[in-house]
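Ligands are counted one by one from 1 in listed order, and the atoms in each one are counted from 1 as well.
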Amino acid sequence: MLTLTQLARFFHDLAFTTWIGSMIFMMLVLTPAVGGKGIPPQFLRLMGIERFKNWAWASIVILTVTGTYRLYGRFYLFDLFVMTSYGKLMLLKISLFLMMVLLTAIVSFNYAKRIPAEAPQKPGEQPTPGFLRMQRRFISFSTINLALGIIILFIMAIIR
Ligand code: HEM
């Protein structure tokens, strides 16, 4: 019989694989393919910058719900929990996760619409300096977010 704990573990794993896996794809495949080539916004949309943010938010919600469920009952007293190395690492993980949520909010509310809208409209058209600046910032935020995700994966590898 399938238990709630097993389901929570499955959806937790599915959510972080989807989120971090998509970030790795964006960073290793999509960004180098697009990088400053003046690709028109229709293609950027097709390549998924706007769509990706919906999956990121869905993953954040699933991770929060399943993570909280898995954490629930792990500690009776907060003071005792934070004295253990497990508790310290878990709190570090949650703090890094909150930073990722903040960066995701900046990227999805600020850049996800503006990048396709302000990208060069025709193939071969030069991107404006403002667009290139925005694109660089978008790439930096995404890189930091991916680095935080990888640190969390490392924390979970050494937590026990
Ligand atoms: C980017 C976000 C996150 C990533 C990459 C991540 C990753 C992981 C990984 C790799 C595991 C171990 C594999 C497993 O047992 O499923 C795990 C377990 C766990 N996660 Fe997360 N997680 C994230 C967010 C969260 C959040 C927000 C919470 C709490 C609110 C949370 C709480 C837990 C708990 C309690 C466990 C079980 C640990 C244990 O077995 O003792 N996670 N997570």
Consider only side-chain N and O atoms of Trp55 and Ser22, and report whether a donor and an acceptor are under 3.5 Å apart.
no
In terms of relative ring orientation, are Phe78 and Phe81 parallel, tilted or perpendicular, with 30° and 60° separating the classes?
tilted
For atom 40 (O) of ligand 1, what is the nearest protein heavy atom, given as residue, atom name and distance?
Arg160 NH2, 3.1 Å
Output for pair (Thr128 OG1, Gln135 CD), nearest 0.5 Å, gives 10.0 Å
Tell me the protein heavy atom at minimum distance from atom 5 (C) of ligand 1, and give that distance in Å.
Phe16 CB, 3.5 Å
In Å and rounded to the nearest 0.5 Å, what is the CH2 to CG distance from Trp19 to Leu63?
7.0 Å
When rounded to the nearest 0.5 Å, the distance separating CE of Met99 from CG of Asn145 is 9.0 Å
Nitrogen or oxygen atoms of Tyr86 and ligand 1 under 3.5 Å apart
yes
Give the residue and atom name of whichever protein heavy atom lies nearest to atom 4 (C) of ligand 1, and the separation in Å to one decimal.
Ile152 CG2, 3.6 Å
Nearest-0.5 Å distance that lies between atom CG in Leu148 and atom CG in Leu98:
11.0 Å
the protein heavy atom lying closest to atom 32 (C) of ligand 1 turns out to be Gly67 CA, 3.5 Å
Identify which one of Met26, Met23, Met100 satisfies the side-chain contact (heavy atoms from CB on, under 4.5 Å) criterion when paired with Leu146.
Met23
Atom 16 (O) of ligand 1 [closest protein heavy-atom partner, distance rounded to 0.1 Å]
Asp13 OD1, 2.4 Å
Answer yes or no: does an N/O atom from Lys93 fall short of 3.5 Å to an N/O atom of ligand 1?
yes
For atom 15 (O) of ligand 1, which of the options His12, Met156, Arg70 provides the nearest non-hydrogen atom?
Arg70
Suppose we measure from atom 34 (C) of ligand 1 to each protein heavy atom; which comes out shortest, and what is that distance?
Met90 CE, 3.6 Å
Nearest protein heavy atom to atom 26 (C) of ligand 1, by residue and atom, and its distance?
Leu63 O, 3.9 Å
Compare all side-chain heavy atoms of Lys93 with those of Lys88 and state whether any distance is below 4.5 angstrom.
no
Under 4.0 Å between heavy atoms, the region of Thr68 that gets near ligand 1 turns out to be both
Check the hydrophobic clustering (I, L, V, M, F, W, Y; side-chain heavy atoms under 4.5 Å; chains of links allowed) and say if Met156 and Val65 are grouped together.
no
Against heavy atoms of Arg9, which atoms of ligand 1 measure under 4.0 Å?
16 (O)
Nearest heavy atom to atom 1 (C) of ligand 1, choosing from Tyr72, Phe154, Trp19, belongs to Trp19
